[in-house]
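Counting convention: from 1, in listed order, for ligands and their atoms alike. FYI, the numbering just counts along the sequence from 1.
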Amino acid sequence: MPQIISSEFPLIRKRRNRYTASIRSLLQETVLTTKDLVMPVFITDDSVDCPIASMPKIKRLTINSLLKECEELLRLGVIAIAPFPNVNNQHKTNDGVYATNPDGILPKALREVKKRFPEMLIFADIALDPYTSHGQDGIIDEEGYILNDITVEMLIKQALICAESGADFVAPSDMMDGRVQKIRENLEKNGLINTGIMAYSAKYASSYYGPFRDAVGSTANLGKSGKHNYQMDCANSDEALQEVALDIQEGADIVMVKPATIYLDIIQRVKTQFAFPTAAYHVSGEYAMLEAAFANNWLDRDKIILETLTSIKRAGADFTFTYYAKDAAKLLQR
Ligand code: PBG
């Protein structure tokens, strides 16, 4: 900074650039748009939509409702969804093999959405937790330890089914080692060279996923078990860079940091270090926390939504998975 010596104080007034709304908008560094938003959606094979207690205003949708939701999202300028299934308990097994069933609720939903709205981008979650009787993301041994390599074998089949059913990106959220490479190889082998991989690379073992587990129905199955021997410790930051580096090497097209607002430092480090397409996930607990405050009129809903999502983008996220995608799009249209 040049030093300005003067008897007049102050010559430099940073507030000049904030004087009017026009000047402020001219100089705005981060501009949030609807293209920054991906809407996670829950789907059910029940015949009616079903509310989720810990996620006010969010419902598990039937395929028909999902199609209506897609229509509305596209009208609002939101061009991407991330569907998550709540499958009936009768389909859940130790190995989560229902994840590879082409007639399962998720592949069915992917085909329907792609048929009606080919322009809608779809991120299909790759992990076994909605399909396992124990709620873990992988296959477990007698001690309950999640087995890496046989889980990966299942994941590559799940990814192939999702890709064949119309997913633009498969999104492994399981945190098994080496899965990005194996998924990539299998997609190539099957000619799906343009299906991308968005890797949940720096995914923390976060307690902010609680409401999501209610939504996909894995809370009770998971019981008191945690996911700490595959998801990351919230105390670690260098390790996130190692995970991201590996996923890029293995062929990921996009990497993700999750959760978002309490991990803005990780988003920024990842973006700065790799200059690679980087997504963030504003997760269910971050949503639930804000909803609780909004319900009490403790925070201004509209302003907080935009401030939150702008901050995630400012930290370095190219786009954000957020349950506020629709709300934010409506606010941005005004
Ligand atoms: C499943 C998965 C989870 C989320 C996305 N994919 C939960 C978990 O890992 O337990 C969380 C999303 C959210 O909380 O909104 N592997």
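- Shown in contact with A127 at under 4.0 Å from a heavy atom are these atoms of ligand 1, numbered in order with element: 16 (N).
- Note on ligand 1: Y323 sits in its first shell, one or more heavy atoms being nearer than 4.0 Å.
- Of the candidates F212, F42, Y204, Y209, the one placing a heavy atom closest to atom 3 (C) of ligand 1 is F212.
- For atom 1 (C) of ligand 1, the closest non-hydrogen atom of the protein is D129 OD2, 2.9 Å.
- Looking only at protein heavy atoms, the nearest one to atom 14 (O) of ligand 1 is S284 OG, 2.7 Å.
- Within the 4.0 Å heavy-atom cutoff, Y281 counts among the residues contacting ligand 1.
- Shown in contact with K258 at under 4.0 Å from a heavy atom are these atoms of ligand 1, numbered in order with element: 2 (C), 3 (C), 4 (C), 5 (C), 6 (N), 11 (C), 12 (C).
- Every atom of ligand 1 is numbered from 1 in the order shown, and the set under 4.0 Å from a heavy atom of R213 is 8 (C), 10 (O).
- Residue, atom and distance of the protein heavy atom nearest to atom 2 (C) of ligand 1 are K203 NZ, 3.3 Å.
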| task | Evaluate side-chain contact (heavy atoms from CB on, under 4.5 Å) for I266 paired with Y204, printing each intermediate quantity in order. | result | CA-CA 11 Å; I266 309 298; Y204 285 86; 3.3 Å; yes

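- In this model, a donor atom of one side chain and an acceptor atom of the other lie less than 3.5 Å apart for E291 and Y324.
- The shortest N or O to N or O distance between D174 and ligand 1 is not below 3.5 Å.
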| T44/N86 under side-chain hydrogen bond (donor to acceptor under 3.5 Å, both in side chains): CA gap, chis, key distance, verdict | CA-CA 5 Å; T44 175; N86 177 299; 5.1 Å; no

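- Atoms of ligand 1 lying under 4.0 Å from at least one heavy atom of K227, given by number and element, are 8 (C), 9 (O), 10 (O).
- A cation-pi geometry, defined here as NZ or CZ lying under 6.0 Å from the six-membered ring centre and within 45° of its normal, holds between K203 and Y209.
- Judged by distance alone, with hydrogens and angles left aside, the side-chain atoms of S201 form no donor-acceptor pair with the main-chain N or O of E243 at under 3.5 Å.
- L37 places none of its side-chain heavy atoms less than 4.5 Å from the side chain of K326.
- The shortest N or O to N or O distance between Y200 and ligand 1 is not below 3.5 Å.
- When every heavy atom of L128 is checked against every heavy atom of T151, the shortest pair comes out as CD1-CG2, 4.2 Å.
- Using a 4.5 Å heavy-atom threshold, the side chains of Y98 and T93 count as separate.
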